[in-house]
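Since we're looking at a predicted model, the values are computed, not measured. Below, each value reflects all heavy atoms present in this structure, side chains not excepted, and no hydrogens, waters or symmetry copies.
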Amino acid sequence: MTDLENHTITEFILLGLLQYTPTHMCLFALIIIIFLFTLTGNSLLILVILIDPNLHTPMYFFLWQLSLIDILFTLAIVPKIMTDYLLHKTVISVSGCGTQIFLGLALGGTECILLGLMSYDRYVAICKPLHYPLLMNWSLFKQMAFSSWASGVFNALMHTVYTMRFSFCGLREIHHFYCELPSVLHLSCEDTSTYETGVFISTTILLLIPFSVILASYTLILVTIIQMTSTEGRKKAFSTCSSHLTVVSLYYSAIIFMYMRPISSHTFSQDKVVSVFYTILTPILNPMIYSLRNKDVMGALGKILWKCTLYSKM
């Protein structure tokens, strides 16, 4: 491909996630169900948290931010998968590809930081309950949330602009179901090794620092839980923390596997499978884990449904 041909590229070819076989058609139906439950569950969780004054605490503030990220992440990826499959369409414009890269990195980076902040919030609540109102005030955690979004957006903007400036050649086929950074870099005609080092450094900052905060927080929390004399207190603390750790383990392990390896070591099939975890599965797990295992959220949801029932009868 000549330089002139490279500069006139207007679209890429997405090879997709599913084939037109009976098994994959069943998987497509399952993805639709997961998509609908993800939007419904996260939207309902946000609604409950915003309506019920008892849930206006730092933990639930971060939780509805997390649900918002999951909704946006899902809308950025899954509708494209569904329309491509139904319309037998495999192309995506260069601008659309850049948008998916930006949204994936921005939302993913923000979620990594938020999960770290949530672990710190749990640490203060369980290990330093008397100091909690002073350490976790509204002004502080709003600043923390803003910093999370700003960091994620800045990192995504930087990498998206830099990635889309590379020259692309060949068949322009992206062996993925959406434009993810490692898959797009595979198409570059240029040497991307230096840039990959930059990706690794930024990933280390956005992943390992929050992950270190999570490990430190939950290590201290575990020590505190073991020392608790109240059995009920231990159960409540362990239930809250285990829910958070389940989400963290699934999300971080997949992201670290994807972004903290050299691009040359990636295989197309592995990338697709791993990406499914944090683009399709994790977003539906958050409302299930945080609501079904949380008495406060279930109680607030019950009150809202009871009021709705009364209004409908009236």
With a 6.0 Å cut-off on ring centres, are Phe12 and Phe168 close enough? yes

Please confirm whether the backbone N or O of Leu50 pairs with a side-chain atom of His56, one donor and one acceptor, at under 3.5 Å? yes

Should the pair Tyr178 and His176 be assigned to parallel (<30°), tilted (30 to 60°) or perpendicular (>60°) ring geometry? perpendicular

May I ask you to decide if Ile13's main-chain N or O and Glu173's side chain share a donor-acceptor pair within less than 3.5 Å? no

What is the ring orientation for Trp64 with Phe61, classed by angle as parallel under 30°, tilted 30 to 60°, or perpendicular over 60°? perpendicular

Cys179 and Ile101 have their tightest heavy-atom pair at O-CG1, 3.3 Å

Ile49 backbone acceptor or donor facing Asp52 side chain under 3.5 Å: no

When Thr282, Leu207, Leu206 are each screened for side chain to side chain contact (heavy atoms under 4.5 Å, CB included) with Ile255, the one that passes is Leu207

Thr83 side chain to Lys80 main-chain N or O, any donor-acceptor pair under 3.5 Å? yes

Between Thr110 (side chain) and Leu107 (backbone), is there a donor-acceptor pair under 3.5 Å? no

For the ring pair His24 and Tyr85, is the centre-to-centre distance below 6.0 Å? no

Please check if any side-chain donor atom of Gln65 sits under 3.5 Å from a side-chain acceptor atom of Tyr60, or the reverse. no

Is a donor from one side chain sitting under 3.5 angstrom from an acceptor on the other, for Glu11 and Ser93? no

I'd like to know if the side chain of Thr21 pairs up with that of Thr23 as donor and acceptor (distance under 3.5 Å, no hydrogens or angles considered). no

So which atom in Val184 and which in Ile174 form the shortest heavy-atom distance, rounded to 0.1 Å? CG2-CD1, 4.1 Å

What pairs with Glu111 under side-chain hydrogen bond (donor to acceptor under 3.5 Å, both in side chains), at least two apart in sequence or on another chain? none

I'd like to check the side-chain hydrogen bond (donor to acceptor under 3.5 Å, both in side chains) partners of His159; sequence neighbours left out, ordered by chain and number. Asn155, Tyr195, Ser202

